[in-house]
Amino acid sequence: MGGKSTLLRQTCLIAILAQIGCFVPAEKCEVTPFDRIFTRLGASDRILLGQSTFFVELAETAVALRGATRRSLVIMDELGRGTSTFDGTAIASASVKHLVESNKCLTLFATHYHSLLEDWKDKPSVRLGHMECFVEENGTMDESEDGE
């Protein structure tokens with residue numbers, strides 16, 4: 001609900017627009033050209049081909065892990081979410097580790113697995129961010145307990 005998927009999609013679109021010289025909605029934009037953009041978003045199956053949602057998710061992830069270079073952009077949203085907590089955490093953790101340490105590509109990885117945040121919080125090549133949703137009711141914003 002925080003807009004993570006939208007932010008990931010917008011990032012890819014802006015990267016493409018910037019590379020072809022189009023206007024991008026930013027005060028300043030410096031982008032190194034990407035050789036490829038890999039995406040792993042949403043849930044879909046190919047049931048007529050005998051491929052479950054989980055199979056498609058892992059196949060898309062494998063393509064990114066095998067194909068991404070230092071000059072690639074990879075976005076992944078909620079990898080492993082449709083599995084048990086331990087399986088999903090293991091899949092997401094292994095994927096992040098490979099993208100950061102082997103592929104060394106620019107990656108945006110949205111997750112609800114908070115243990116991943118702990119694993120990567122002290123790595124100099126990783127930046128962590130947090131998104132949350134503010135709901136407006138009756139013309140006023142609900143504020144968190146600390147007033148933000």
Side-chain angles (χ1 to χ4, degrees), residues 1-20 22-49 51-121 123 125-137 140-144 146 148:
M1 269 305 285
K4 297 178 300 295
S5 298
T6 301
L7 177 69
L8 296 175
R9 286 183 178 96
Q10 285 177 338
T11 301
C12 288
L13 288 172
I14 289 170
I16 293 167
L17 290 171
Q19 286 194 170
I20 62 173
C22 290
F23 169 81
V24 294
E27 290 180 19
K28 182 179 178 182
C29 181
E30 292 182 29
V31 181
T32 300
F34 295 110
D35 58 3
R36 293 175 75 182
I37 297 175
F38 295 91
T39 63
R40 172 47 240 135
L41 296 165
S44 62
D45 61 40
R46 297 184 194 122
I47 209 68
L48 295 177
L49 297 174
Q51 298 175 351
S52 67
T53 302
F54 182 62
F55 181 93
V56 171
E57 180 177 290
L58 292 183
E60 291 173 352
T61 300
V63 168
L65 295 176
R66 286 187 191 124
T69 69
R70 292 180 67 90
R71 299 189 62 103
S72 297
L73 171 61
V74 177
I75 62 168
M76 293 199 175
D77 188 22
E78 299 304 334
L79 182 61
R81 191 73 192 266
T83 64
S84 73
T85 303
F86 295 117
D87 292 344
T89 302
I91 292 165
S93 180
S95 297
V96 169
K97 181 177 178 62
H98 194 276
L99 289 166
V100 171
E101 295 177 357
S102 297
N103 299 92
K104 298 180 181 176
C105 55
L106 179 60
T107 303
L108 298 176
F109 195 98
T111 187
H112 281 94
Y113 296 125
H114 297 285
S115 62
L116 264 69
L117 304 176
E118 284 297 314
D119 295 344
W120 293 96
K121 69 180 181 184
K123 303 292 183 189
S125 62
V126 175
R127 302 286 184 271
L128 302 177
H130 173 79
M131 291 186 74
E132 59 186 83
C133 178
F134 292 100
V135 178
E136 185 175 328
E137 292 184 21
T140 61
M141 292 292 284
D142 286 347
E143 293 185 2
S144 61
D146 58 4
E148 291 185 11

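One finds the CG atom of Leu116 at 12.0 Å from the NZ atom of Lys97 (value rounded to the nearest 0.5 Å). For the atom pair SG (Cys22) and CD1 (Ile14), the distance works out to 12.0 Å, reported to the nearest 0.5 Å. In this structure, OG on Ser102 lies 13.5 Å from CZ on Arg66, to the nearest 0.5 angstrom. Put simply, NZ on Lys123 and CG on Leu128 are 11.5 Å apart, with the number rounded to the nearest 0.5 Å. Summarising the geometry, atom NE2 belonging to His114 is positioned 10.5 Å from atom OG1 belonging to Thr89; distances are rounded to the nearest 0.5 Å. Rounded to the nearest 0.5 Å, atoms CG (Leu117) and OG1 (Thr111) are 7.0 Å apart.
The minimum heavy-atom distance between Tyr113 and Ala92, with the atom names listed, is CD1-CB, 3.9 Å. The nearest pair of heavy atoms linking Met76 to Leu8 is O-CD1, 3.8 Å. Taking both residues in full, the closest heavy atoms of Cys29 and Val24 are given as CB-CG2, 3.7 Å, listed atom of the first, atom of the second, then distance. Here the closest non-hydrogen pair linking Ser125 and Val100 is OG-CG1, 3.7 Å. For Glu57 against Glu78, the heavy-atom pair with the smallest separation is OE1-O, 4.2 Å. Residue Glu101 comes nearest to Lys104 through the heavy atom pair O-CE, 3.3 Å, listed as atom of the first residue, atom of the second, then distance.
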- Decide side chain to side chain contact (heavy atoms under 4.5 Å, CB included) for Leu49 and Phe55; before the verdict, give the C-alpha distance in whole Å, the side-chain angles of both, and the deciding distance to 0.1 Å. CA-CA 11 Å; Leu49 297 174; Phe55 181 93; over 6 Å; no
- Task: Begin with the C-alpha distance, continue with both residues' side-chain angles, and end with the deciding distance and a verdict on side chain to side chain contact (heavy atoms under 4.5 Å, CB included) for Asn103 and Val74.
- Result: CA-CA 10 Å; Asn103 299 92; Val74 177; over 6 Å; no
- Show the numbers, then the answer: is there a side chain to side chain contact (heavy atoms under 4.5 Å, CB included) between Arg9 and Leu41? CA-CA 9 Å; Arg9 286 183 178 96; Leu41 296 165; 3.7 Å; yes
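When the options Leu106, Leu73, Thr11, Ile75 are evaluated for a side chain to side chain contact (heavy atoms under 4.5 Å, CB included) with Ile37, the one that passes is Leu73.
Counting heavy atoms of neighbouring residues, nucleotides and ligands inside a 6.0 Å radius, atom CG of Leu48 does not exceed 12 of them.
For the pair Ser72 (side chain) and Thr69 (backbone), a donor-acceptor distance under 3.5 Å is present.
Counting only N and O atoms by type, the side chains of Ser52 and Asp45 include no donor and acceptor under 3.5 Å apart.
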